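What follows is a short report on a single structure.
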Amino acid sequence: MSDKPTLYAAFAQKIDAVLAALEAEGVLPADTPRGNVSVEPPRDASHGDLATNAAMVLAKQAKTNPRALAEKIVEHLQRDPLIVSAEIAGPGFINLKLAPQIWTEEVAAIAELGDDYGKSAMDEGRRVNVEYVSANPTGPMHMGHCRGAVVGDALASLLEHAGHQVTREYYVNDAGGQVDTLARSVHLRYREALGEDIGEIPEGFYPGAYLVPVGEAAAKEFGDRFRTAPEDEWLAIFRAFAVERMMDVIKSDLALLGINHDVFSSEAALQAAKKPEAAEAWLREHDFVYDGVLEAPKGKAPPEDWEPVELPLFRSTKFGDDQDRPIKKSDGKWTYFGADLAYHMQKAENADELIDIWGADHAGTVKRIKAAVAALSEGQGEPVPFDVKLVQMVQLLRDGEPAKMSKRSGNFVTIADMVEEVGKDVVRFSMLTRKPEAQMDFDFAKVVEASKDNPVFYVQYAHARICSILRKADAEGITPSGEQLDLLTEDDLALVKQAAQFPREVEAAARAREPHRIAFYLYDLAAAFHAFWNLGNDDAEKRIIVAQNARLSAARLFLASQIGQVIRNGLALLGVEAVEEL
RNA sequence: GCGCCCGUAGCUCAGUUGGAUAGAGCAUCAGAUUCCUAAUCUGGGGGCCACAGGUUCGAAUCCUGUCGGGCGCACCA
């Protein structure tokens, strides 16, 4: 972990200091707000290494025009020996070119920090709980779960890189009616395993073949004790048994994707500990919960069996929801929401911030849970920041035709199938090369076919090439060395500039909670490296290993090895392997 | 009807939170391997950033409206 600000942050501070000096000189009024001032690498590298909009943003307050103010700023900046040139361009941008020394120092910094290069102390020690996947424990993981799983996992890693202390959590919904269905389905398979002919799986049971081994395991565990017993004797036992087995399946599916949660929280355990009761009592006391009658559903025709019933309702309308929401059902059991708000309270006890990753099909419930967390956490001291990241649906296709993914039909593409077919790295990278809030199509056949063209290989190839050149150098007895980095040329340093953006990208991506930015950054870095590599095809002087020039070769090998380090760090963040050969 | 998300090249998508001439990949056309891995590189063609207003030095990005697509609108989970 580096305590040093990133290179870009360091220059932002310099510019801030210049603005402070201008205030002292009276060019700018005292206490001019500088929030809009940005210091960034320009889009077009030909504009220089850094650009700032300071003059344009502050001109009005300085009662002058942008270019005139820019001249004053430039005057100060030119005194800095690390700034080779400061030029005014366009409407008042100030473009800076930095001394080569800045970049060679950055190469050394990568070498020194190694695997920690790119990590930031931005949010040092802040505890954040990221809840993701949380698929119902009624079957194996399928592709519908995949996107949220990968995005959540990469986000967790990203926040770790930004200094957060991250808890990766999975909420096990083991208390609802679906689990009864699961238990009955397993009981059926259990009877089958004991030799009974169960025929077609009837309506209302999960038909998937993945329950066959669970039934067999149950037969082994219980013998024929529950074969003809009435349901109330075995239901609870089979629930627990089935959920445990399903969670084992889910955990091993997740492991195939390289995902390992720290905490699995059980809804049943939460209810057994009376957490929802405690939350309800507090909410009633503060008038967030009252007994009332729900309005009939609007818009579409109300369900035929609709009848008004008095239920305990949470006042989510106070927080912008359309309707107050029941926390208990008429049979006295907790609704999903009722238990979920207690669950979020439990999470908030050990975290400074909560993030949930949900599928877009749950978008309608975001307002109520946010409302509940706001009400509860505010009442109990510090309000805990809470964000729900919605991951849009993946439209599953088979050869262009929409494929159903329901567990009921038992016909779905599982994550295990997918990983076996194309590998973990392709699956993860595919999910991370688009922003999560846009829908995506996922055609199993197409992805399998196109997996060779997946951008993940492009990035891995760059890394493999670097490993290859280092092996070759080793065989020739040339050792990479950072002793004479001043030998590096303009082309070499251009590559460094690209690599030097990694820490900045990590911080920006973490701030925006957008892990996909790292995937795109790595692609760009790989592209820069491939282009750099090919320079050597036209001009032997531009190769990494230059014949008859051991010292330049040593410096370039050192550089290449640090580029490899950055690619490795980025891929590690995304949970993708950095292979040494392709 | 209401809420949330999306609309950028023929296709799949980026776009540094409001910056300079809107970028990649695929596809297409033309080139580069006696030479560190050609799973690579260089160049060409291809755009009303869905549409219309507004905000300001400056808009693909922010606001309003319209159109189009997706998801949701139980005491389910």
Side-chain angles (χ1 to χ4, degrees), chain A residues 36 38 40-44 47 51 53 56-57 59-60 65-66 89-93 95 136 138 173 175-179 267 294 297-300 302-303 306 309 311 320-323 325-331 333-338 340 359-367 390 392-393 395 433-441 450 452-455 457-458 460-462 464-465 467-473 476 501 504-505 508-509 511-512 514 516-517 519-521 523-524 526-527 529-538 540 543-547 553 556-557 560 581-582:
Chain A
N36 292 331
S38 69
E40 289 170 344
R43 274 197 186 138
D44 187 341
H47 289 138
N53 62 356
M56 289 184 290
V57 175
K60 201 177 259 181
N65 66 67
F93 284 103
N95 292 329
N136 288 330
T138 53
N173 299 130
Q178 292 191 22
V179 183
E267 182 183 1
L294 278 181
K298 289 177 187 139
K300 302 219 171 101
W306 171 263
V309 184
L311 293 168
D321 202 356
D322 307 332
Q323 220 179 355
R325 304 290 175 175
I327 60 171
K328 265 185 187 170
K329 307 186 233 177
S330 48
D331 66 3
K333 288 184 182 164
W334 295 101
T335 61
Y336 181 84
F337 173 58
D340 204 27
D361 50 343
H362 289 74
T365 65
V366 171
K367 274 183 183 166
L390 289 179
Q392 287 296 318
M393 296 286 97
Q395 160 102 332
T433 39
R434 45 202 20 97
K435 54 179 185 243
E437 62 269 26
Q439 301 152 227
M440 69 182 280
D441 290 349
K452 298 183 294 292
D453 295 329
N454 194 285
F457 296 122
Y458 185 83
Q460 287 178 321
Y461 183 38
R465 272 182 155 174
C467 292
S468 160
I469 195 80
L470 291 170
R471 282 192 299 267
K472 185 182 161 76
E476 291 180 16
Q501 293 197 36
R504 202 180 87 87
E505 287 290 338
R511 213 171 279 128
E514 289 179 348
H516 73 276
R517 288 192 192 195
F520 283 98
Y521 166 74
Y523 189 88
D524 288 344
F529 180 77
H530 286 310
F532 173 73
W533 177 282
N534 275 276
L535 291 175
N537 286 338
D538 299 331
R543 290 190 200 161
I544 295 172
I545 298 176
V546 185
S553 300
R556 284 218 175 118
L557 285 163
E581 271 175 280
L582 213 62

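Here is how names work: the chains are called A, B, and so on, in the same order as the sequence lines, proteins then strands, and each is numbered from 1. Quick caveat: nothing in here was measured; it's all calculated off a predicted structure. As a basis for the values below, the full set of heavy atoms in this structure was taken, side chains included, without hydrogen atoms, waters or symmetry mates.
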When all nucleic acid strands are considered with a 4.0 Å heavy-atom cut-off, which category describes A/Phe520: base, sugar-phosphate, or nothing? sugar-phosphate

Give one of base, sugar-phosphate or nothing for A/Lys60, where a contact means two heavy atoms less than 4.0 Å apart. sugar-phosphate

What is the distance, rounded to the nearest whole Å, between atom CE of A/Met56 and atom P of B/C57? 12 Å

Atom CG in A/Leu535, atom NE2 in A/His530: separation rounded to 0.5 Å? 13.5 Å

Side chain A/Asp361 and base B/A77 donor-acceptor under 3.5 Å: no

Spacing between A/Glu476 atom CD and B/C36 atom C1', to the nearest angstrom: 8 Å

In whole Å, what separates the P atom of B/C41 from that of B/A24? 12 Å

Taking the C1' atom in each of B/A14 and B/C4, what is the distance between them to the nearest angstrom? 23 Å

Nearest whole Å is fine: how far is B/A14 P from A/Glu514 CD? 10 Å

Give A/Ala89 one of three labels, base, sugar-phosphate or nothing, depending on what nucleic acid heavy atoms sit under 4.0 Å from its own. base

Classify the nucleic acid contact of A/Thr433 as base, sugar-phosphate or nothing, counting any heavy atom under 4.0 Å across all strands shown. sugar-phosphate

Assign each of A/Ile469 and A/Lys367 the nucleotide of RNA chain B bearing its closest heavy atom; nearer the 5' end lies the nucleotide of A/Lys367

Which part of the nucleic acid, if any, lies within reach of A/Asn537 when heavy atoms closer than 4.0 Å are counted: base, sugar-phosphate only, or nothing? base

Need one value for A/Gly359: base, sugar-phosphate or nothing, where a base atom within 4.0 Å counts as base even if backbone is also close, heavy atoms only. nothing

Using the six-membered ring wherever Trp is involved, compare the ring planes of A/Phe532 and A/Phe529 and label them parallel, tilted or perpendicular (cut-offs 30° and 60°). tilted

Hunt down the Watson-Crick or G-U wobble partner of B/U33, both distances under 3.5 Å, from any strand shown, or write none. none

Whether A/His530 stacks on the six-membered ring of B/A39 base, 5.5 Å and 30° limits: no

Determine the contact category for A/His516: base if any of its heavy atoms lies under 4.0 Å from a base atom, sugar-phosphate if only primed atoms, P, OP1 or OP2 are that close, otherwise nothing. sugar-phosphate

Would you say the base of B/G69 and the side-chain of A/Gln439 have a donor-acceptor pair closer than 3.5 Å? yes

Integer angstrom distance from the P of B/U56 to that of B/A74: 43 Å

Within this structure, what is the CG-CZ distance for the pair A/Leu582 and A/Arg465, rounded to the nearest 0.5 Å? 10.5 Å

Check the distance between B/A74's P and A/Gln323's CD and give it to me in whole angstrom. 7 Å

Separation of atom CZ in A/Phe457 from atom P in B/A39, rounded to whole Å: 13 Å

So does A/Ser330 reach the base of B/C75 with its side chain, donor to acceptor, closer than 3.5 Å? yes

Nearest-Å distance once atom C1' is located in both B/G54 and B/G3: 25 Å

